[in-house]
Every structure is written in C-alpha cells, then in structure tokens.
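To start, the structure under review is shown below, and the notes come after it.
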Amino acid sequence: MQDIKKLDFQKIEKKWQSKWEKKKAFEPKVGGKNKYYVLEMFPYPSGSGLHMGHAFNYTLGDIYARFKRMKGYNVLYPMGYDAFGLPAENAAIKEKTHPKKYTQKAINNFIKQQKSLGLSYDWTRILKTCDPEYYKWNQYFFLKFYENGLVYRKKSAVNYCAKCDTVLANEQVHDGKCWRHSDTEVEIKQLEQWFINTTKYAEELLKEIPNLNWPERIKSMQKNWIGKSEGTEITFKINNTDWKVFTTRPDTIFGVTFLVISAQHPQLMSIVTEKQKNHVDTFLKMARSTKQEEIDKLEKEGVFTGSYALHPLTGEKIPIYAGNFVVAEYGSGMVMAVPAHDQRDFDFAKKYNLPIKQVIKSKENSILKAYEGSGQLINSEGFNELFSEEAKTHITKALEYKQLGKAVVQYKLRDWLVSRQRYWGTPIPMIYCKECGIVPVEEKSLPVKLPDKVKFGKGNPLTTNSSFLKVKCPKCNSPARRETDTMDTFFDSSWYYLRFTDNKNNKKPFEKEKVSYWMSVDQYIGGAEHANMHLIYARFFTKALRDLGFLSINEPFMKLFNQGMIHGEDGHVMSKSRGNVIDPLEITKKYGADTLRFFLVSSASPDKDSLWSKEGIEGSLRFVKKLYTILSEIKIGSSSVKLEHWINKTIKNVTSEIEGMKYNTALINVRRLLEKIEEEKEIKKSDLLSIIKIISPVTPHIAEELWEKLGKKSLVSLEQWPKADESKISEELEAQEKIQHQTLDDIKNIIKIVQEKQNKNPEKIYLYAIPKELSVYNIQYLESKLDKKIKIFAVNDPNKYDPENKSQKAKPGKPGIYLE
RNA sequence: GCGGGGGUAGCGAAGUGGUCAAACGCGACAGCCUCAAGAGCUGUUUCCUUAGUGGAUUCGGAGGUUCGAAUCCUCCCUCCCGCACCA
C-alpha cells in the first residue's frame with residue numbers, strides 16, 4: 001500500500017511536468033500592465049549536479065513565481081547557466097575531456113534535475129554564457145565600454161593565484177587568499193591587465209544603497225566595500241617633487257611629526273638615500289616575506305628612508321619612514337603620521353622614538369594612548385581654539401589657497417580587473433599590432449570565437465592555437481597578435497538578467513522595448529556570498545549600460561532575498577568530506593518533489609539557516625499524503641459555517657504570508673485548515689477548489705492532480721488566486737470553538753482526576769451554562785469526542801439535576817460540570 | 001576593532017507590549033488499532049496543587065520603564081557571518 005502511494009506521486013509528477021511543458025504554461029509575452037520578474041541567481045553548472053542549496057533556492061523562487069502568476073501578474077521566470085569558468089576547465093582537464101563537452105553534460109543534468117522539481121521556468125528563454133550567441137554580446141559590451149573609456153589597460157600591482165594560474169579581481173581575494181582556494185595566498189605581481197572603470201560609479205553605487213529593498217547585511221557589506229571617506233589631499237614637497245597624502249583629519253596637520261610611505265609603494269626607492277639603502281633593503285626583504293595571517297598580529301615596523309618632507313603649513317622638515325602598515329593601493333600609499341591622535345602612528349612613534357605633538361585638547365592627559373576623538377585645536381598656529389569640524393574646513397581652505405591641498409573623496413572600491421589567463425571564458429576582443437598598438441576587434445567580426453583546439457598545460461591555453469593567435473590588424477592589415485586573455489566570468493553574469501528578456505535576439509544584445517518592459521527584476525533570490533562580487537558588478541553594469549543608452553533603469557534588482565543555508569543533520573555545512581550531503585534528486589525519487597518542496601520551506605523562515613532532518617522529511621511526506629488523501633476523499637456538498645470561517649481565514653493569512661515569503665507560517669495555516677476539514681463530513685466544491693489553489697505554489701503536482709480529479713480541464717497553476725471572503729470570517733465563532741475545546745479539556749481533566757483519585761469511572765456528564773450561552777455548547781461534538789452522554793442545563797433552570805451544586809461554578813465561557 | 005544577524009521548552013522553530021506556559025513540526029511517553037511490528041488515529045509533554053481550580057518559575061544574564069515585557073530601554077555574556085592596519 002505504502003509503495004503504491006509513493007509510486008503514485010512519481011507518476012503524478014511526471015504527468016504534470018510534461019503537461020506544463022506541452023501547454024506552454026509558463027511562457028509569458030511582453031504586454032500587459034502587471035509584469036513581475038522573478039529570478040534566482042543562475043547556477044554554475046558543476047559536474048556533481050544540483051545540491052540541496054540549489055533546490056532550496058529554486059523552490060523559494062518557484063513558489064513566488066507561481067503565486068504571482070495566480071495573482072494575475074505577467075510573470076517572467078527564467079533559468080540560465082553561468083557556464084564559463086575555471087572549475088569546469090580544471091575538471092575537464094582532469095577527466096581528459098573538453099570543457100565544452102563537460103559543461104554541456106553538466107547543464108543537461110541540471111536541466112533534468114530542475115525539471116524534476118517541478119520548477120515553473122520559461123524554458124524557451126534558457127541561456128548559457130558559453131554559447132557564442134551569448135558571449136558575443138560580452139565582447140560587444142566590452143568594446144562599447146572601451147569606446148567610452150570604461151575599459152582600459154594598465155600595469156599595476158595585481159592579485160595572482162598560483163592554483164588558478166591567473167590574476168584575480170580585488171573582490172575575489174578573501175582574507176588575502178583566493179576565493180576558490182582558501183589555502184592559497186594571493187601573490188602580488190606587477191602586470192599589465194585589462195580593467196573596468198567601476199570606480200567611476202562608486203558614488204552612485206553607494207548613494208543608491210538606501211533605496212534598495214535588500215537585506216540590511218548585504219547593504220552594509222556593499223557600503224563597507226565601496227568604503228567612501230571624505231578628507232583632504234595634502235601635498236608634501238620631497239626633494240622638490242610633490243607627494244600627495246590623503247587624510248580624513250586635516251585638523252591634526254600641525255601634529256604631523258613624520259610621514260610613512262608604504263613598503264610596497266612602487267616609487268619608494270626614489271626617496272631612499274644612498275646612506276639608508278641597505279637598511280631599507282633589509283627591511284623590505286623582511287616585510288615581503290610576511291604572510292597575511294601574521295599581518296594581523298604584526299607590530300608596526302618601519303625604517304627611515306633618509307629623506308625629509310616639508311610641512312605645507314609650517315615649513316618644518318619632517319622625516320619619512322617606510323612602513324609595513326601602510327596600504328600601497330589606498331589613497332596615495334603614503335600617510336601623514338600624527339602620533340598624538342592616531343593609535344597606529346602613536347605605536348610607531350613610541351617604537352622609533354619619534355616626537356609626539358598634541359594638537360587637539362583632550363580631557364585626559366594620557367601619554368599611553370592616542371586621543372583619536374575630536375576637540376579644540378591647540379599648538380596649531382592660526383587655527384587654535386577652533387573645533388575639529390570647522391578646523392578641517394579652514395585648514396583645507398588654507399591649503400587650497402597655497403595650492404598644497406584640496407578636499408577629496410576616497411573610495412576603497414578599486415577598478416575591476418577583468419582579464420584572466422585561462423581558456424574557458426569569453427575571449428577579450430582586442431588585437432595587438434606592432435604598428436597601431438592596441439586595436440579593438442571590429443563589431444562586425446564578433447563574436448571572436450573561442451577555438452576548440454588548444455593544448456592544456458602550463459600557461460594560457462589560447463596561446464597554443466596559432467590560427468586564433470595570429471590575425472591581421474583591422475587598421476593596417478599587417479600581421480598582429482590577438483589578445484589571449486579571457487574575461488572574468490563575473491562579466492557574463494553581470495547582464496544575463498537582461499538577456500532573458502530577449503534571449504534569441506541575434507542582432508542586438510536585447511531589444512530596448514522588451515528590456516524596458518521586464519526590467520527591473522522585481523524579486524531576486526540568492527545567497528549572500530555574492531554581496532561584494534556579482535551584486536556590485538551587476539549594479540555597475542546596469543548603470544553603465546544606462547549611460548550608454550541601452551537601458552533606462554538605475555538598478556537591476558529592486559528586491560533581494562537571501563535564503564539561509566541548509567545544513568546537514570550534524571549541523572555542519574553539507575560537504576562531501578563530512579559525508580553529510582543529501583542529494584535532492586534522491587530525495588525526490590524517494591519522497592517526491594512536492595514533499596521535498598514542502599519540507600524545504602516549512603521547517604524555518606527561508607532567510608534563516610536550517611537543518612536537514614530525516615524525521616523532518618518523513619513528517620513532510622506524512623503531511624503531503626494526508627493532504628492529498630483528505631482532499632481527494634472528502635465528500636462534495638456544502639461547507640459548514642465553521643469550515644467557511646477557517647477556509648477564508650486561511651486564504652487571508654496564506655496570501656499575506658506568501659507575499660512576505662513567510663512560507664513556513666503559511667504552511668502552518670494550511671496544516672490547521674486540514675485538521676478542520678478532517679472534522680467535517682462534506683465541503684462545498686468551490687471551497688475545495690480554493691484550497692487546492694492555495695496549496696498549488698508549494699505542492700503543484702498534487703494540486704494539479706486534485707484539480708483534474710474534480711473534473712477541471714484547466715491547469716490550477718494558471719488559475720486565479722482566491723480572495724478571502726471577509727464576511728465569512730467570524731472571530732466570534734472561533735471564540736466559541738475555543739470554549740468547546742476548553743470545556744472538553746476540563747471534562748477530560750476531571751475524568752482523569754476522578755479516575756485516579758476516586759477510582760470511579762463516570763458515565764454521565766452534566767453541564768450548567770449561563771443562560772445566554774446555552775446554545776454555544778455543541779453537545780454532539782463533545783459527546784462524540786468523549787464517547788459519553790452529556791446533558792446541559794441553564795444555571796437558573798429550577799428542574800436541573802445538580803446534586804453537588806456545581807452550577808455555582810459556571811462563569812461566562814465556562815460551564816459548571818458534574819460527573820457521575 | 002568596525003559592521004550585520006542571532007541566543008525561546010528535549011530538539012528544530014513561530015511569536016516583537018496584554019488574548020503567552022508560548023503556534024507548529026520533530027522526538028519522547030501513554031492509549032487505541034494489530035498475532036506482532038510499522039503506518040494510522042487519540043491524548044500527554046515546566047513544576048507544584050486541584051473534580052474542571054489555584055499558584056510558582058520560565059523565553060542568554062543583570063538591572064530598568066510600564067498597571068502589564070519573550071516583546072521596549074541600559075549594561076553584560078555568548079554564538080554566527082562579513083570587512084579589517086583604508087590614514
């Protein structure tokens with residue numbers, strides 16, 4: 001019996017999945033007022049297939065898409081594959097196959113698994129970024145960016161991962177290590193690379209954050225990443241050349257007693273004197289060999305360069321040190337040190353016996369610590385008595401007047417390094433000509449196709465294909481060399497949501513009309529790990545494309561939802577090495593897709609982490625079966641007033657809870673409703689249909705099956721979401737129901753006590769209600785629950801049977817009770 | 001250090017000023033069903049007390065506001081996540 005039921009679910013799922021596809025149920029067209037775009041972060045198709053996190057992510061989106069569709073929206077809900085990338089290339093090499101083959105196989109597997117979950121994607125809009133039809137537009141945008149000064153090539157200190165064998169963007173370095181290899185220190189190399197001018201949009205990226213309906217933590221992460229600080233850029237003369245220094249505390253300028261230049265500063269050697277050269281070299285050797293982990297605990301160290309700078313306001317000679325604690329890439333890589341008012345400078349000064357000059361009044365006259373707060377200026381000729389805030393302005397103005405400084409804004413955000421020395425990515429459409437220099441590929445020659453035939457081994461595989469490598473210069477026709485670097489795959493994922501709106505267009509990346517209709521994405525769903533990567537790049541792209549006339553929106557994703565993580569039964573993150581991985585496909589086979597979907601969204605609020613549990617999935621199976629059984633077996637007739645109350649109340653609650661993505665509590669309401677239905681003999685058909693509708697986003701397969709069983713020819717997935725009839729909701733009725741339950745509990749309690757204490761087994765029950773409430777008690781219900789005879793009297797009934805005068809105990813909402 | 005989010009009954013998890021000893025699930029226990037097991041069904045699940053009552057103690061800890069606090073305020077402890085010598 002068990003097994004047959006399980007098999008039924010399997011069959012039902014297959015049946016409806018193919019019906020949805022045949023009937024093109026989920027393929028929207030441009031048009032209509034209420035568009036709604038639901039999107040999950042598209043997956044990287046790994047060879048190991050879908051994991052539970054994917055299943056969870058897509059279930060969340062699917063429920064939402066189905067709900068919005070039934071609410072009458074024209075819903076765009078597409079799926080694609082972030083198919084380029086290093087892991088595929090490496091995996092393919094390992095398996096001695098081609099990345100293209102490897103990826104295609106992985107994608108096919110993903111599609112199969114996603115379909116088996118019953119996800120309502122518009123499969124005609126599918127896209128994969130490794131398709132030339134897609135990456136052609138990557139190249140096109142790259143050229144457009146180049147034309148508009150948003151792409152440039154520059155030699156600079158870049159991050160390099162030896163395991164990836166390529167350079168990385170700043171965002172891909174986590175804690176000094178490669179984002180893919182947490183055991184690999186990133187090396188700093190001086191290389192010439194392609195950059196995208198993301199910092200041009202730093203201010204706008206920051207400014208718009210408060211307007212986004214995103215989780216706070218993602219917003220704060222982006223804010224920190226962009227890292228705006230306002231301050232003053234001050235010029236110090238060193239050997240008659242200008243050196244700039246950035247500070248947020250120009251009010252402390254009279255407290256500067258030395259300067260510190262970063263040990264990694266490219267021009268460091270130019271200010272090191274002959275005499276100090278040896279010292280500096282020794283120091284650099286030591287500083288360079290320091291590992292990232294040690295930097296945390298590292299003491300501030302430095303060495304005198306031998307040079308002095310002139311103080312811009314006092315003209316004093318200020319010694320310059322090279323230091324290990326100054327970040328080369330931020331500001332100008334050199335800082336002015338004010339030991340009295342900056343703890344780091346203080347530590348440094350103490351260590352090397354440098355003077356400490358107080359310029360801000362502080363309450364405590366401590367010499368153990370720097371006073372970092374603001375206050376009234378002292379020892380600052382011409383600015384004494386001023387408070388920090390006004391002093392900042394005045395001093396900056398004074399510097400501006402002397403042309404030795406200006407107010408500036410600094411960001412931590414760096415330009416996006418996009419070139420990668422790897423094969424499996426979009427070729428960068430550039431050509432190097434000996435005569436003409438860097439020449440962009442002409443638009444009509446796009447796409448620059450990734451050649452299949454390359455040798456994998458050391459270095460960039462693209463250099464091994466000479467017919468790819470050797471080209472003619474588009475300008476002068478002389479022999480030239482093609483760029484062999486490919487693009488960071490985050491380039492691909494920065495605009496895929498736009499391509500979904502018009503994925504088959506082979507003349508343009510997308511039609512403006514279509515993109516204007518569908519964008520922005522109304523609900524985006526994905527993990528938090530992309531806060532400072534994909535989500536920043538995509539925002540940048542949208543703004544850049546807007547300014548190039550492709551779009552008219554400012555932000556790609558208005559609402560963002562971060563799902564929690566599904567942990568293994570042991571409480572740890574699911575991982576192969578821990579052996580706690582649960583494969584969604586296996587679960588679907590064993591318990592059915594509806595059960596898996598139900599389980600994933602019922603155990604906890606979807607934004608929180610939750611635990612996989614065998615008992616949990618089995619509990620979900622029990623419920624889904626029960627749901628199906630009860631709804632398919634209940635007699636069609638009329639609904640009681642009580643049932644109507646519960647149905648409408650449930651519709652009302654479930655609607656608002658799904659809207660707010662509180663699927664877990666929505667399902668609790670459904671559970672309660674089912675209990676109420678169980679207590680009934682029959683139900684009105686239209687009520688039953690409404691119930692099937694509200695369960696259909698979460699358990700779509702059994703919903704369709706039940707819908708069909710009731711003689712419906714349509715798809716419930718495309719039906720109108722029911723509206724709660726407020727007039728049927730009666731809190732009074734619910735209160736009365738509570739009284740029944742309370743009375744039932746009371747009687748049971750008394751029976752128990754009587755049985756235990758008096759060893760009697762009462763057979764008859766007498767209730768004494770206050771006259772007004774006589775009709776509130778449902779004697780039939782109570783009798784059926786207790787399997788005993790019950791008589792009810794009004795407390796003032798002169799003929800009542802009440803040997804122990806229990807009627808005196810009666811209160812509103814509580815009858816007197818006598819048993820015998 | 002900075003920023004964000006948590007700590008609720010055996011476990012998971014709702015609840016953000018009264019209707020809260022606190023939904024729901026899981027587990028556990030008891031009963032029914034059954035030859036038996038599972039499934040299913042019914043009930044119990046902070047403690048004491050009790051013919052349905054009354055009381056005590058609970059929502060990380062300590063204080064406070066309030067007629068009233070899991071919910072608001074202050075301080076502290078603790079866990080998770082992100083950034084981190086950014087001048």
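So you know, we letter chains A, B, ... as the sequences are listed, proteins then strands, and number each from 1. We use all heavy atoms of the structure for the numbers below, so side chains are in, but hydrogens, waters and symmetry mates are not.
- The gap from the P atom of B:A28 to that of B:U34 amounts to 24 Å, rounded to the nearest Å.
- Proximity of A:Lys814 to the phosphate of B:G52: no side-chain N or O atom is located under 4.0 Å from OP1 or OP2.
- Taking atom C1' on both nucleotides, B:A9 is separated from B:G4 by 29 Å, rounded to a whole Å.
- Paired with A:Phe598 under the rule ring-ring contact (aromatic ring centres under 6.0 Å, His included), one option of A:Phe623, A:Tyr628, A:Phe9, A:Tyr663 passes, and it is A:Phe623.
- For the pair A:Glu372 CD and B:C85 P, the computed distance is 15 Å after rounding to whole Å.
- For A:Ser220, counting side-chain heavy atoms from C-beta on, the closest listed nucleotide (B:G3, B:G52, B:A87) is B:G3.
- Residue A:His174 has no polar side-chain atom (N or O) positioned under 4.0 Å from OP1 or OP2 of B:G82.
- Residue A:Lys608 is classed as a sugar-phosphate contact, given heavy-atom separations below 4.0 Å to backbone atoms only.
- Counting non-hydrogen atoms under 4.0 angstrom, A:Tyr818 reaches a base of the nucleic acid.
- Out of B:G82, B:A87, B:G43, the shortest distance to the side chain of A:Val335 is found at B:A87.
- What separates CD of A:Gln343 from C1' of B:G1 is a distance of 12 Å, to the nearest Å.
- Across all strands shown, B:G25 pairs with B:C11; the Watson-Crick or G-U wobble distances both stay below 3.5 Å.
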B/S/- along nucleotides 24-34 of chain B (protein heavy atoms under 4.0 Å) is SSSS-------
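- With A:Thr699 as the fixed residue, the side chain to side chain contact (heavy atoms under 4.5 Å, CB included) test singles out one of A:Leu627, A:Leu667, A:Val670, A:Thr595: A:Leu627.
- Among the atoms of the strands shown, none is found under 4.0 Å from any heavy atom of A:Leu611.
- For the C1' atoms, the distance linking B:A36 with B:U44 amounts to 25 Å, nearest Å.
- There is a side-chain donor-acceptor pair under 3.5 Å between A:Glu171 and A:Trp225.
- Counting to the nearest Å, the C1' atom of B:C83 and the CZ atom of A:Arg414 are 13 Å from each other.
- A:Thr199 and A:Asp415 are linked by a side-chain donor-acceptor pair at a separation below 3.5 angstrom, with hydrogens and angles left out of the test.
- Comparing B:A70 with B:C20, their C1' atoms are spaced 9 Å from each other, to the whole Å.
- Salt-bridge check for A:Glu230 with A:Lys392: failed, with every basic side-chain N at 4.0 Å or more from each acidic carboxylate O.
- For the P atoms, the distance from B:C81 to B:U66 is 40 Å, rounded to whole Å.
- The same atom, C1', is picked in B:C85 and in B:A13; the two are 42 Å apart, to the nearest Å.
- One finds no salt bridge joining A:Glu734 and A:Lys738 here, because no Lys/Arg side-chain nitrogen approaches an Asp/Glu carboxylate oxygen to under 4.0 Å.
- At a threshold of 4.0 Å, the pair A:Arg249-A:Asp342 does not count as salt-bridged, since none of the basic side-chain nitrogens sits closer than that to a carboxylate oxygen.
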Report all side-chain donor-acceptor pairs from residues 331-338 of chain A shorter than 3.5 Å, counting only partners two or more places apart or in another chain.
| from | atom 1 | to | atom 2 | distance (Å) |
| --- | --- | --- | --- | --- |
| A:Ser332 | OG | A:Lys244 | O | 2.4 |

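- Residue A:Val338 is out of contact with every strand shown, counting any heavy-atom pair closer than 4.0 Å.
- Straight-line distance between the P atoms of B:C48 and B:G10: roughly 14 Å, to the nearest whole Å.
- In this structure, A:Leu819 reaches the bases: a heavy-atom distance under 4.0 Å links it to at least one base atom across the strands shown.
- Residues of residues 227-235 of chain A that place a heavy atom closer than 4.0 Å to RNA chain B, in numerical order, are A:Ser229.
- Remark: aromatic rings of A:Phe258 and A:Tyr352 are distant, center separation not under 6.0 Å.
- Only one option out of A:Asp802, A:Ile770, A:Leu767 pairs with A:Ser807 in a side chain to side chain contact (heavy atoms under 4.5 Å, CB included); it is A:Asp802.
- Where A:Lys662 and A:Ala328 meet RNA chain B, the nucleotide closest to each residue was compared, and A:Lys662 sits on the side nearer the 5' end.
- Nucleic acid contact for A:Ile753: base, since at least one base atom lies under 4.0 Å from a heavy atom of the residue.
- To the nearest angstrom, P of B:C81 lies 21 Å from CD of A:Gln222.
- Between the CD1 atom of A:Ile536 and the CE atom of A:Met221 there is a distance of 9.5 Å, given to the nearest 0.5 Å.
- As a whole-Å value, the separation of A:Ile617 CD1 from B:G12 P is 19 Å.
- Residue A:Lys223 is classed as having no contact, given no heavy-atom separation below 4.0 Å to the nucleic acid.
- In this structure, the CG atom of A:Asp746 is 10 Å from the P atom of B:G54, given to the nearest Å.
- Where A:Ser603 and A:Gln742 each meet RNA chain B at their nearest nucleotide, the meeting point lying more 5' is that of A:Ser603.
- Across B:C83, B:G82, B:C85, the shortest atom-to-atom separation from the side chain of A:Trp225 is found for B:C83.
- At whole-Å resolution of the value, CG in A:Asn669 and P in B:G15 are 12 Å apart.
- Comparing the same atom, P, in B:C24 and in B:U45 gives a spacing of 12 Å after rounding to whole Å.
- Counting non-hydrogen atoms under 4.0 angstrom, A:Ser605 reaches the backbone sugars and phosphates but no base.
- Look at B:U50: it lacks any Watson-Crick or wobble partner with both distances under 3.5 angstrom.
- Side chain of A:Lys806, nearest nucleotide from B:C83, B:G52, B:G4: B:G52.
- Within the shown strands, B:G1 is the pairing partner of B:C83 under the Watson-Crick or G-U definition, both distances less than 3.5 Å.
- The pairing partner recorded for B:C75 is B:G61, the criterion being a Watson-Crick or G-U wobble arrangement whose two distances lie under 3.5 angstrom.
- When both pairing distances are held under 3.5 Å, B:A37 makes no Watson-Crick or G-U pair with any nucleotide shown.
- Atom CG in A:Asp594 sits 13.5 Å away from atom NZ in A:Lys625 (nearest 0.5 Å).
- A perpendicular orientation is assigned to the rings of A:His341 and A:Tyr371, their planes being inclined by more than 60° (bins at 30° and 60°).
- The interatomic distance linking A:Glu633 (CD) with B:C41 (P) rounds to 13 Å, in whole Å.
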